[in-house]
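Worth knowing before you read on, the calculation uses all heavy atoms, side chains too, and leaves out hydrogens, waters and symmetry mates.
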Amino acid sequence: MIDIAGLPAHILLIHAVVVLAPAAGLAAIAYAAAPRWRGYLAWPLGVLSLGLVPLSLITAEAGEQLEEARPSSALIREHAEQGDVLKAVSVVFFVIVAATLVASHEPIGRRFAFLGSLRTNRVVRLALLVVAAAAGAFFIYQSVITGHSGAASVWSP
């Protein structure tokens, strides 16, 4: 089991996911809803969504090791299932954010000029912005549900 300063790594890493995943989701929603903020949010959103992929994978791996080391219960198994969903959601969220940034943020999009008309199509850009906002909302939801199930597994009698 991975330990950090004598504590299971999952317990420490999960706090980063619990804070950063909703922040990334809110940033995606703001990016989609407020065109004026796109210039300010593009790079932080891209870096945050990219960083959450390995962070969620490492946190889930540490959680699986913790699950093997401790007695299991139905609540812990439910939390593990929610964690598996959150891993997948973090990857999908990153892909959607990356596609949205390429299509809608000019400095990033210039590097992908080979996409041509696909990148300049207004319908594609609008669709990606809507999907990014929905993905952000779902990322927030899934991180809250996963965190709640983890807290319930620890604090329930």
Any chance you could measure E61, atom CD, to L66, atom CG, to the nearest 0.5 Å? 11.5 Å
Ignoring hydrogens, what is the shortest heavy-atom contact between A99 and L128? Give both atom names and the distance. O-CD1, 3.6 Å
Please find the pair of heavy atoms, one from A23 and one from L48, that lie closest to each other, and give the distance. C-CD2, 4.1 Å
To the nearest 0.5 Å, how far apart are OG in S56 and CZ in F94? 12.0 Å
Give me the one residue out of V17, V53, L13 that meets side chain to side chain contact (heavy atoms under 4.5 Å, CB included) with I58. L13
How close do F93 and S49 get, heavy atom to heavy atom, and via which atoms? CE2-CB, 3.7 Å
Give the cluster check for L55 versus F138: same hydrophobic cluster or not, with ILVMFWY residues linked at side-chain heavy-atom distances below 4.5 Å. yes
Just by distance, do the side chain of S104 and the backbone of R125 share a donor-acceptor pair under 3.5 Å? no
Of all heavy-atom pairs linking A133 and I29, the shortest is O-CG1, 3.5 Å
From I11 CD1 over to I4 CD1, what is the distance, rounded to the nearest 0.5 angstrom? 10.5 Å
Nearest 0.5 Å, what's the OG1-NE2 distance between T59 and H15? 11.0 Å
Expected output: side-chain H10 to main-chain A60 donor-acceptor under 3.5 Å: no
Separation between CD (E67) and OG (S153), nearest 0.5 Å, reads 9.5 Å
In one Ile/Leu/Val/Met/Phe/Trp/Tyr side-chain cluster, 4.5 Å: V131, L129: no
For A24 and L52, the nearest pair of non-hydrogen atoms, with its separation, is CB-CD1, 3.6 Å
Is it possible for you to say whether F139 and I145 belong to one hydrophobic cluster, with membership spreading through side-chain heavy-atom contacts below 4.5 Å? yes
Quick check: does any side chain N or O of S90 sit under 3.5 Å from a backbone N or O of K87, one acting as donor and the other as acceptor? yes
Transitive ILVMFWY side-chain link L86 to I96, under 4.5 Å: no
Quick one: do W43 and L20 end up in the same hydrophobic cluster if we chain Ile, Leu, Val, Met, Phe, Trp and Tyr together by side-chain heavy atoms under 4.5 Å apart? yes
In terms of heavy-atom contacts, L101 and G46 come closest through CD1-CA, 3.7 Å
Full working for side-chain contact (heavy atoms from CB on, under 4.5 Å) between V97 and L45: CA-CA 8 Å; V97 165; L45 176 59; 3.7 Å; yes
Mind checking the CG-NE2 spacing from D84 to H79? Nearest 0.5 Å is all I need. 10.0 Å
